[in-house]
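The block underneath contains the structure these notes are about, expressed in structure tokens.
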Amino acid sequence: MLSAVLASGSLASHAAAPELPDPCPRPLPGSPVPEPRDLRSQNGVLDLDLSIRSHREADGTTRYCYMLPDGTQSPTLRLHPGDLLTLHLKNELTAAATAALQLRSDGRTSNTEAICRPKRKVSADPCTSGLMTATSTNLHFHGLTVPPRCHQDDVLRTSIQPTDPAFEYRFQVPRDEPPGLYWYHPHIHGFSTGQVEGGASGAMIIEGIERANPDLAGLPERVLVIRDQDLVNPNAPPSKSEPVVPKMLLDRDGDAANNGTGFGKPAKDLSINFVPVPYPDYPTATITMRPGERQLWRVLNASAVTYLNLAVLQQRAPQRLGVVAIDGVPIKTTAADSTAVTWVDHIGVPPGARVEFIVTGPPLGVPGLLVTRAVDTGQGGENDPNRALATLTAMADAPEPQSTLPASSEPLPASTRPWLGDVTPVRVRRLYFSEKLEDPSNPNSATTFFITVDGQTPAAFDPNSEVPNIVVKQGDVEDWIIENRSTELHAFHIHQLHFMLRDWSGVPVNEPFLRDTVNVPYYRANSLTYPSVRLRMDFRDPNTVGTFVYHCHLLEHEDGGMMGTIRVEPR
Ligand SMILES: [Cu+2]
């Protein structure tokens with residue numbers, strides 16, 4: 001090193017400080033879709049060190065990166081049911097970078113919550129401090145039925161500061177956890193949007209989906225994480241190839257509002273495995289496949305606020321997608337119907353949700369396209385227009401994805417509990433989503449977001465409250481009817497458990513799989529009733545004992561108060 005310096009001349013000639021390498025490097029638009037690194041459990045244990053870093057970009061946005069010690073970002077954590085996860089999370093967030101959360105270069109705040117400090121005694125203990133600042137962080141393991149306790153999956157009190165040593169997460173994946181796609185992300189109330197939009201998220205796979213569905217044995221598998229982020233070109237007009245749309249309005253969160261046409265400026269840009277696909281021209285990322293090859297695509301919508309409606313096109317014609325699992329839970333098979341594949345030509349994925357489906361590679365010379373179709377989020381919702389994400393190109397020598405499902409294995413043991421749909425609920429509860437403008441005459445004034453148990457007074461989530469909104473006995477199964485009294489779509493999510501969608505606005509659906517996140521349709525000003533979903537909630541698992549949260553998975557709404565607490569008491 002010294003000889004290199006001497007050879008290049010005098011040290012005094014280095015006037016400017018050397019450029020530091022970008023601590024959160026990301027691929028360029030149009031890049032091949034990279035696969036996240038797989039970290040697999042060995043002998044029943046997956047042990048890793050992970051750091052979270054922040055980096056302020058020239059445009060004023062802040063990136064958040066989960067990093068392994070070697071600089072790999074957002075690895076996929078792969079464990080089998082019954083395996084132990086030990087994860088040491090080091091908070092390396094910097095105040096200078098996160099200051100960008102408060103004010104962007106275009107003058108808008110990208111995270112409207114001020115720094116909140118709980119009134120109760122502040123403790124330095126990361127298990128109890130509950131601190132909510134832009135440099136606080138923690139982890140939620142979305143979808144897993146792991147106890148809501150510190151070091152496992154608690155987000156109400158657990159808060160790790162940059163001054164803390166690496167914090168250990170340590171839990172066993174339940175032996176009966178359904179095999180499928182789960183994920184991890186930070187969950188500090190008031191700051192979830194900024195951290196998740198900045199890129200703090202990663203996939204988790206509970207192995208063995210081919211044991212639930214033998215049709216999948218031997219298939220190459222590809223993990224696709226779709227994230228959203230602030231617009232790269234916020235002031236650009238829409239592409240000339242698009243139909244002309246009404247003048248852009250902003251919604252209550254300051255994002256481009258739904259204009260009802262399926263076109264125009266989106267609320268957020270999307271990326272696919274961190275390859276950005278920015279408005280207005282949507283330069284696609286690229287995926288190569290062998291012609292006609294079947295692959296299992298495991299798709300996570302890790303967006304903070306963007307709904308997806310995925311389709312694969314060939315020459316504009318939608319291709320059949322064989323859906324095998326939603327939210328980590330394989331579609332239920334019975335003896336009479338052993339091939340649990342539901343064929344669709346598009347599939348909706350709310351923020352936080354996952355979908356796993358079989359895709360067939362296009363023939364040689366026929367280009368394919370992965371797109372998200374427009375989602376009608378309601379008059380008060382964000383604009384989620386039609387846009388392309390990735391081109392699919394058939395190549396005879398395309399490299400295979402890095403992971404392939406085992407060619408054969410033992411079928412999963414039958415569940416020890418009756419199917420949720422066959423259990424009679426012990427009670428019915430009613431909840432509703434609603435919003436309140438600070439100035440009712442100004443649709444752009446600040447909005448408070450509520451999720452309220454019917455009969456209680458609507459109140460934004462209060463981190464200081466020790467009184468849960470709902471108390472349940474472990475072992476019970478309940479039906480929850482969740483209404484939407486606002487004019488925008490919301491996505492109901494509850495930690496620690498899955499539920500079954502029974503009715504969709506009064507129409508029975510009785511889905512043969514479970515979810516942990518579901519859309520609740522929006523209210524139209526002229527309708528006589530509020531739209532609702534009816535969910536069968538499963539508190540039978542002893543791991544659900546404790547206090548945890550349910551909320552809207554549009555994180556701007558969650559940060560804005562749309563969250564409540566539930567305590568599951570031991571039987
Ligand atoms: Cu919402």
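Bear in mind that the values here come from a model prediction, so they are computed numbers and not experimental data. Throughout, residue positions are numbered sequentially from 1 according to the sequence presented.
Under a 3.5 Å cut-off, the side chain of Asp479 and the backbone N or O of Pro425 do not form any donor-acceptor pair. Counting only distance, with no hydrogens or angles, the side chain of Tyr307 and the backbone of Leu489 share a donor-acceptor pair below 3.5 Å. Put simply, the side chain of Asp153 never gets that close to the backbone of Val146: no donor and acceptor are under 3.5 Å apart. Of the possible donor and acceptor atoms, none in the side chain of Arg157 sits under 3.5 Å from a partner among the backbone N and O of Val155. Asp476 contributes no side-chain N or O that, together with a main-chain N or O of Phe539, makes up a donor-acceptor pair within less than 3.5 Å. No donor-acceptor pair closer than 3.5 Å links the side chain of Glu356 to the backbone N or O of Gly180. Asn258 places no side-chain N or O within donor-acceptor distance of the main-chain N or O of Asn383, the cut-off being under 3.5 Å. Remark: the backbone N or O of Arg540 is paired with a side-chain donor or acceptor of Gln474 at under 3.5 angstrom. Checked by atom type and distance alone, the side chain of Asn301 pairs as donor or acceptor with a backbone atom of Val349 at under 3.5 Å. Of the possible polar contacts, none joining the Asp538 side chain to the Met500 backbone as a donor-acceptor pair under 3.5 Å is found.
Residues Leu50 and Tyr169 are not in side-chain contact: their nearest non-hydrogen atoms beyond the backbone lie 4.5 Å or more apart. The side-chain heavy atoms of Val329 and Arg515, taken from C-beta on, include no pair separated by under 4.5 Å. Residues Thr288 and Pro399 have side chains in contact (heavy-atom distance under 4.5 Å, counting atoms from C-beta outward). Annotation: side chain of Phe513 is not in contact with side chain of Val324 (no heavy-atom distance under 4.5 Å). Residues Ile470 and Leu431 have side chains in contact (heavy-atom distance under 4.5 Å, counting atoms from C-beta outward).
Taking the six-membered ring where the residue is Trp, Phe492 and Phe499 present tilted rings, their angle falling between 30° and 60°. Note: His490 and His557 have perpendicular aromatic rings, judged against thresholds of 30 and 60 degrees for the angle between ring planes. Classified by interplanar angle (parallel below 30°, tilted 30° to 60°, perpendicular above 60°), the ring pair Tyr530/Tyr523 is tilted. Ring planes of Tyr184 and Tyr66: tilted class, angle from 30 to 60°. Taking the six-membered ring for Trp and thresholds of 30 and 60 degrees, His140 and His187 have ring planes more than 60 degrees apart, a perpendicular arrangement.
Counted by atom type alone, Arg298 and Thr76 present zero donor-acceptor pairs between their side chains at under 3.5 Å. Between the side chains of Tyr522 and Asp376, at least one donor N or O lies within less than 3.5 Å of an accepting N or O. Side chains of Asp541 and Thr145: a donor-acceptor N/O pair is absent below 3.5 angstrom, by distance only. Side-chain contact annotation: Glu558 with His553, donor-acceptor N/O pair under 3.5 Å absent.
A cation-pi arrangement is present between Arg26 and Phe274, with the terminal nitrogen or guanidinium carbon under 6.0 Å from the aromatic centre and inside a 45° cone about the axis.
Taking 4.0 Å as the cut-off between side-chain N and carboxylate O, Lys268 and Glu382 do not count as a salt-bridged pair.
Separation of atoms CG (Asp516) and NE2 (His493) is listed at 5.5 Å; rounding is to 0.5 Å. Taken to the nearest 0.5 Å, the CD atom of Gln402 stands 9.0 Å off from the CD atom of Glu221.
The environment of Arg417 atom CZ is dense: over 12 non-hydrogen atoms of other residues, nucleotides or ligands sit within 6.0 angstrom. Crowding of Arg524 atom CZ: a count of heavy atoms from other residues, nucleotides or ligands under 6.0 Å not exceeding 12. Arg373 CZ: more than 12 foreign heavy atoms inside a 6.0 Å radius. Heavy-atom contacts from other residues, nucleotides or ligands closer than 6.0 Å to CD of Glu168 number more than 12.
Exactly one of Val355, Ile287, Leu219 qualifies for a side chain to side chain contact (heavy atoms under 4.5 Å, CB included) with Trp297. That residue is Ile287.
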